[in-house]
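Below, chain A is the first sequence line, B the second, and so on; all start at residue 1.
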Amino acid sequence: MVELIFPDGSKQEVEKGTPFGDLLRELPGALRKKAVAVSVDDQAYDLNRVVEGGGRFVVLTTDSDKGLDILRHGTSHLMALAVQELFGKVKFAIGPAIQDGFYYDILMDHTLSPDDLEKIEAKMRELLDRGDLAFTREVLPSSEAVKLFTELDQPFKVELINDLGAENVSIYRLGAFTDLCVGPHLADVRKMRHFKLLSLAGAYWRGDENRDMLQRIYGTVFFKEAELRQDLERREEARKRDHRKLGPQLELFDIKEEAGGGLVFWYPKGYILREMVENFWIEEHRKDGYQMILTPHIAKSGLWKTSGHYDYYKENMFLIRDDEDQEFVLKPMNCPGHILIYKNKLHSYRDLPIRYAELGTVYRNERSGTLHGLLRVRGFTQDDAHIFCTPEQMEEEVSRCFNLAHKLLTTFGFKDYQVELSAHDPQNMEKYAGSEEDWIMAEEALLKTIENRNIPFKKIPGEAVFYGPKIDLKLIDAIGRGWQATTIQFDFNLPRRFDVTYINKEGQKEYVYMIHRALLGSIERFIGTLTEHYAGAFPLWLSPEQVRVLPVGKEHHGYARECVGKMRAAGIRAEGDFREEKLGYKIRESELQKVYYMAVCGDKETQAGTLDIRSKSKGRLGVKKLDLFIEEVVDEIGKKT
RNA sequence: GCUGGUGUAGCUCAGCUGGUAGAGCAACGCAUUCGUAAUGCGUAGGUCGUCGGUUCGAUCCCGUCCACCAGCUCCA
């Protein structure tokens, strides 16, 4: 007998070998219907398996993430079966469930086209409709599994089994498709019917660019048709918010083929966004004790040899050679420049902390395939700062960074973010700069800061880069997507390379603690993110065009111009539409261009000194005195909401 | 960088197995003087991403390069 503990705390003694199906029969019908698999002590089992040992017993349902993963994983098997039936001799790599769907990586001679996706979908439906499909599980010794997959001509599976080095492995069969797989899988394959194949892509076997390039098919699947529909709509919504589309459409920014990929052109309206972001950023940094500096865009390569970038980062740097055969580097980072300014004189511990901030434009020669709108570019402006401090000040400084980041991000409308702490791998200390003591101290400072704020976070050991541990903040946007923004990093490398020191209380030279931080990340990426978050309809204080005055007819042009003039004098970004078009036409254009307020003036308003106000988001707001409207708008802009 | 796809007017797109291109919107002109999401008529606009090849002839077929898209990889 073994003991199963249910989620409500109740316990039950059951015989080893009892089918889970028997246990389920005792559960409420609603729960039973939703059962996909069960788990005992987090080990998942197929519903048709039997109790092997005791522990915490949980029914994995169609409502849970785990249940959805099982569905998705199962559907990837179904897709693989369909591909095998359609194309015969193909070699399967891996086919896991992922964040919002599943994929399967396949090596085959035939090059898949989008048309093939439809054929595969049709075959999948046909297989389901046949009605005799079911997953069956077998356990066999690894040696036999190797033999089996060798016979099936599935070299990737053989490699996987060999690398596992386990005594036994499990395989699942679905029709004629046999896969190495831990499972579990659905008892009822008909649950997989609400699926959609989404896209094709290339993917290296095991992510290694020296190995086979496989064909990857992406798809998604849900338990309910409505959920699938919703997900496809969500994808559609995301496409509509795409900053790469909205940027040019709203005349904010664009990337020009003539100039090259990854280089951004800011149009007048987009420049206003930048200006607003940067001004607010500078204001808040000054308040928080930062000093603004500016460093050159190019510098002799010697500087980058000292920093180590020249050796480790060369393929990403743009090099410039002058007539006298002197080599320069277009700066890929601001740190060495900031260090040169710090090193201008000797610093006492009394001077610290020193916080140098720069909206520093850097250039990195990213591989062409990685470029992506404003999110991944070759020229971008980091909202950068370097803090030079003593070990004692470290924690306080990290905490201040966190506060400042929070202030900036929430003001820009991002209420949620995820926190990740990238820590060192104690097993591999030799690959890191700085002592283990330094690392532990720095990671504790980072950890304390996060814990003091009582927010959930993930600590990832071994994720840190060699020069120091870091905290990253990921923004969550209006439709739930995550975007990389803030990074707060320690640097144990550069102070040593550049001999960056301060004089401590004992009159001794000591290496300074250096914190590298970018709160928005880069201005480009941040504005790309903002654009998608607001779907191009920015809040008033950021809106490129805050008010557009719309005269009804020609005779109202004079008054309209007067209104625009007064608004501009009050600091409002106002325009007038003086074309001889019907009012409906002008309103439609303002709406499409996402102008925040429209102010209509006809006979009545011209005589009364008023405007008929219409807001993009709330529709008609009614007639207002010009002066009062200006006052209200100025007030609202000041609130930054 | 790699795999696959795409590139036709400012924008969105059409163009049947090769015979030098078309629509809607936008622009411009004329008429209309208009009250809360598109007034009508007309005009103009393209070296069909680039360079090269095949062909009597290339937007279409082949190759090169550039850019973009879905990913992989990369982001010390």
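Taking atom C1' in both B/C28 and B/C16, one finds a spacing of 35 Å when rounded to whole Å. B/C66 and B/U39 have their P atoms separated by 46 Å, given to the nearest Å. When the C1' atom is used for both B/A67 and B/A31, the distance is 44 Å, rounded to whole Å. Atom name C1', nucleotides B/A21 and B/G35: the rounded distance is 43 Å, in whole Å. One C1' atom belongs to B/U12, the other to B/U17, and the distance between them is 28 Å to the nearest Å. The separation of B/A27 from B/A70, taken at their C1' atoms, amounts to 35 Å, rounded to a whole angstrom. For B/G5 and B/U43, the P atoms lie 42 Å apart once the distance is rounded to whole Å. Spacing of C1' atoms, B/C41 relative to B/U32, comes out at 11 Å, to the nearest Å.
At a threshold of 4.0 angstrom between heavy atoms, the contacts of A/H309 include nucleobase atoms, whether or not backbone atoms are also involved. Across all strands, A/Y218 comes closer than 4.0 Å only to sugar-phosphate atoms, never to a base (heavy-atom distances). If you check every strand for non-hydrogen atoms under 4.0 Å, A/S199 touches sugar and phosphate atoms only. Among the protein residues, A/G207 comes within range of the sugar-phosphate backbone only, with heavy atoms under 4.0 Å from sugar or phosphate atoms but none that close to a base. Across all strands shown, A/R244 has heavy atoms under 4.0 Å from sugar-phosphate atoms exclusively, and none from any base. Nucleic acid contact class of A/T111 (heavy atoms, under 4.0 Å, all strands): sugar-phosphate only. Among the atoms of the strands shown, none is found under 4.0 Å from any heavy atom of A/E258. Base contact: A/R614 has a heavy atom under 4.0 Å from a base atom. Within 4.0 Å (heavy atoms only), A/R579 reaches sugar-phosphate atoms of the nucleic acid but no base atom. Looking at heavy-atom distances under 4.0 Å, A/Y585 makes contact with sugar-phosphate atoms alone, never a base.
Cation-pi geometry between A/R72 and A/F222 is met: the NZ or CZ atom falls under 6.0 Å from the ring centre, inside 45° of the normal. Annotation: cation-pi pair A/R216/A/Y103 present, NZ/CZ under 6.0 Å from the ring centroid and within 45° of its normal.
In terms of the salt bridge (Lys or Arg N to Asp or Glu O under 4.0 Å) criterion, residue partners of A/R244 (sequence neighbours excluded) are, by chain and number, A/D242. Every residue meeting the side-chain contact (heavy atoms from CB on, under 4.5 Å) condition with A/S590, not counting sequence neighbours, appears here in chain and number order: A/R548, A/L550, A/V595, A/M598. In this structure, the ring-ring contact (aromatic ring centres under 6.0 Å, His included) partners of A/F578, at least two apart in sequence or on a different chain, are A/H557. With sequence neighbours excluded, the residues that form a side-chain contact (heavy atoms from CB on, under 4.5 Å) with A/V465 are A/Y467. In this view, A/A537 and A/K594, A/K616 satisfy the side-chain contact (heavy atoms from CB on, under 4.5 Å) rule, not counting sequence neighbours. For A/N365, the side-chain hydrogen bond (donor to acceptor under 3.5 Å, both in side chains) partners two or more places apart in sequence, or in a different chain, are A/R378. Under the ring-ring contact (aromatic ring centres under 6.0 Å, His included) criterion, A/H338 pairs with A/H386, not counting sequence neighbours. A/D311 pairs by the side-chain contact (heavy atoms from CB on, under 4.5 Å) definition with nothing, not counting sequence neighbours.
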Problem set entry | Secondary structure string for RNA chain B (Watson-Crick or G-U under 3.5 angstrom, | for other-strand pairs) | (((((((..((((.....[..)))).(((((.......))))).....(.(((..]....))).))))))))....

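Heavy-atom contacts of chain A under 4.0 Å fall on RNA chain B between two terminal nucleotides, which in 5' to 3' order are B/G1 to B/A76.
In the region residues 596-612 of chain A, proximity to RNA chain B at under 4.0 angstrom, judged on heavy atoms, holds for A/V600, A/G602, A/D603, A/K604, A/E605, A/D612.
Take the nearest nucleotide of RNA chain B for A/H556 and for A/R367: the residue whose nucleotide is more 5' is A/R367. Remark on RNA chain B: of its neighbouring residues A/L494 and A/G584, the 5'-side contact belongs to A/G584, judged by nearest-heavy-atom nucleotide.
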Would you list the atom pairs, donor with acceptor, under 3.5 Å between side chains in residues 601-610 of chain A and any protein atom, with sequence neighbours excluded?
residue : atom : partner : partner atom : Å
A/D603  : OD1  : A/H556  : NE2          : 2.7
A/E605  : OE1  : A/G602  : N            : 2.9
A/T606  : OG1  : A/G602  : O            : 2.6

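Ring-plane geometry between A/H297 and A/Y363 is classed as perpendicular, the angle between the planes exceeding 60 degrees on a 0 to 90 degree scale with a lower cut at 30.
For A/W266 and A/Y271, the gap between ring centers reaches or exceeds 6.0 Å.
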